[in-house]
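Working notes, structure below.
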2 protein chains.
Amino acid sequence: MSSLTTAASLVLTLTEAGNRVSRRLDHTLAIHGISFTEFRVLHQLAQAPGETLRRVDLAEAVGLTASGVTRLLNPMEKIHLVEKERNPRDARVSLVRLSATGKEIYGDALASFSQRAEDLAVGLPGDRMVELGEQLNRLA
Amino acid sequence: MSSLTTAASLVLTLTEAGNRVSRRLDHTLAIHGISFTEFRVLHQLAQAPGETLRRVDLAEAVGLTASGVTRLLNPMEKIHLVEKERNPRDARVSLVRLSATGKEIYGDALASFSQRAEDLAVGLPGDRMVELGEQLNRLA
DNA sequence: GTGTAATAATTGCGAACTCAATTATTAAAC
DNA sequence: GTTTAATAATTGAGTTCGCAATTATTACAC
C-alpha cells in the first residue's frame, strides 16, 4: 500500500504526532493564559543559570528562529512574564530573564502541563519513554 | 536539573524534534515548489482509494483543521496539483482528487523526501525505527 | 587603527494556520 | 412533513511564525 521506506514513514509519523500533541497542549495551557510555545520559553528560562538567557540561545533551545523569539517575547514583556536586560560586556546581546510573575505562572502551568503529558503518554511504559526520548534526540 | 516527569520530558522532546524536522523538510521540498504540508496532502491523496478524499478526512490525516485544509487547497487547485469534485450523493461534501500534474510532482518530491528522511534517521537501526513509529502513534 | 567580516537583534512583508461564526445540506425526531 | 440537530465546508479576523534585509556592535587581519 505505502511505497515508503521505514525512515520516511517514521518522519511522517513524528511530525504528525508533534502537531497533534502541540495543539492539545495549547488548549490545556490556555487556562493559564499562555501558549505552549510561551510555556517552553518559561521552562527554558527556569532551567537556565540565573534564569537568564541570550535570545539566540533561547531560540535554539525552543526550536524557533531569532526573529520568532523577538516577536514572541514582546507581548511576554508587556505582561511582565519576562524582563529584558542588557549585557555590559557586549552591547549587541540582549538578555531575557524570568520575572517573579513569570516564575509563578510557570509553576502553575507546569502542573497542568505535567498532568496532561501523563495522560497523553498513558499506554507507554516508563522505561520505553526514556528510550523513546533518546531516540528522538538522535533524529535531525 | 530538570524537575520534569518522564512523560513531560518526552512530550517536550517530541514537539521540538517535530518542529526541527518539519523545518528541514520544508527546505528540502522547496526545490519542487511545495511545502512539507503540501507534500503530506499529496501523499495522503496518492494513498487514498481513487486518489480522492473528503476534506474533513484529509484534515484528520494531515493533522490540520478543516479550515486549514480549505486555505491550503485553494492555491494547490490554482496550480492544478489537485482537482475539486462534488459528491453526487451528498452536496455538502466536496472531494479532492490528485491530478496528473500533482501525481508527477508527488513522485519527484517523494524521491527528495525519502532521501532526506534517510539522512535524518541515520544512526537509528531499522528495527528501532519501526518500534519508534508504533510508539509515537500511541501518543495522543 | 582602518576596513572587512562575523554576530545579535529587530523589522517589513508575507505565508500558514487557528478559532468562531456562517452557509448549505442532510438526517432524525415526532 | 416540519422542526431540530448534526455534518461539511467556507469565510472573517487575528496570531504566529519564517525569510530576507537592516541596524548596531564587536572581532579580526594586516
Side-chain angles (χ1 to χ4, degrees), chain A residues 15-16 18-31 33-41 52-79 81-97, chain B residues 15-16 18-31 33-41 52-79 81-97:
Chain A
T15 54
E16 273 151 31
N19 283 348
R20 213 164 50 224
V21 168
S22 289
R23 200 133 15 96
R24 302 229 200 292
L25 288 168
D26 248 343
H27 286 138
T28 298
L29 293 170
I31 308 168
I34 61 175
S35 68
F36 179 39
T37 307
E38 286 168 331
F39 172 77
R40 270 151 56 206
V41 163
T52 302
L53 280 175
R54 302 189 316 158
R55 272 149 144 83
V56 274
D57 298 333
L58 185 55
E60 170 66 22
V62 299
L64 293 180
T65 61
S67 166
V69 164
T70 295
R71 295 190 201 289
L72 182 66
L73 288 182
N74 277 334
M76 293 181 77
E77 276 168 28
K78 277 203 192 99
I79 58 175
L81 293 178
V82 299
E83 287 158 0
K84 191 183 286 199
E85 209 159 323
R86 59 197 193 78
N87 182 340
R89 300 288 195 80
D90 188 337
R92 286 172 303 183
V93 326
S94 114
L95 302 169
V96 203
R97 192 172 57 191
Chain B
T15 54
E16 272 150 32
N19 284 347
R20 213 165 49 223
V21 167
S22 289
R23 200 133 15 96
R24 301 230 201 290
L25 289 168
D26 248 343
H27 286 138
T28 298
L29 293 170
I31 307 168
I34 60 175
S35 69
F36 179 39
T37 306
E38 285 168 332
F39 172 77
R40 269 152 54 204
V41 164
T52 301
L53 280 175
R54 303 190 316 158
R55 272 151 145 80
V56 273
D57 297 333
L58 186 55
E60 171 66 22
V62 300
L64 292 181
T65 61
S67 167
V69 164
T70 294
R71 296 192 199 288
L72 182 65
L73 288 181
N74 278 334
M76 293 182 76
E77 275 169 26
K78 276 203 192 102
I79 58 175
L81 292 178
V82 298
E83 287 156 1
K84 189 182 288 199
E85 210 159 321
R86 60 198 192 77
N87 183 341
R89 299 286 195 80
D90 188 339
R92 286 171 304 180
V93 325
S94 115
L95 302 169
V96 204
R97 191 170 60 190

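In what follows, chains carry the letters A, B, and so on, assigned in the order in which the sequence lines appear, proteins first and then strands, with residues in each chain numbered from 1.
- Among the heavy atoms of the strands lying under 4.0 Å from A:Ala91 are primed sugar atoms or P, OP1, OP2 only; no base atom is included.
- The side chain of B:Arg23 contributes no N or O atom lying less than 4.0 Å from OP1 or OP2 of D:dC17.
- Using a cut-off of 4.0 Å between Lys/Arg side-chain N and Asp/Glu carboxylate O, A:Asp26 and A:Arg23 are scored as not salt-bridged.
- The residue B:Thr65 sits close only to the backbone: its heavy atoms come under 4.0 Å of sugar-phosphate atoms, none of a base.
- Residue A:Thr37 forms a side chain to side chain contact (heavy atoms under 4.5 Å, CB included) with just one option from A:Leu25, A:Leu29, A:Leu72, and that option is A:Leu72.
- Between D:dT11 and B:Thr70, no contact under 4.0 Å exists linking OP1 or OP2 to a side-chain N or O.
- Between A:Asn74 and A:His27, the residue whose closest nucleotide on DNA chain C is further toward the 5' end is A:Asn74.
- Considering only side-chain N and O atoms, A:Arg54 lies under 4.0 angstrom from the phosphate OP1 or OP2 of C:dA8.
- Within 3.5 Å, no donor on the side chain of A:Arg71 pairs with an acceptor on the base of D:dT16, nor the reverse.
- Between the CG atom of B:Asn87 and the P atom of D:dT7 there is a distance of 17 Å, given to the nearest Å.
- In this model, the phosphate group of D:dA8 is not approached by any side-chain N or O of B:Lys84 to a distance below 4.0 Å at OP1 or OP2.
- For the helix from C:dG1-D:dC30 to C:dC30-D:dG1, the angle separating the two terminal helix axes comes to 30°, with each axis derived from five pairs and the value rounded to 10°.
- Residue-level contact check: B:Ser67 touches the bases, meaning some heavy atom is under 4.0 Å from a base atom.
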Inset, instruction - Step by step, work out the salt bridge (charged side-chain N to carboxylate O under 4.0 Å, His left out) result for A:Arg97 and A:Glu77. - result: CA-CA 10 Å; A:Arg97 192 172 57 191; A:Glu77 276 168 28; over 6 Å; no
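- Sequence order on DNA chain C of the closest nucleotides to A:Asp57 and B:Gly63 puts A:Asp57 first from the 5' end.
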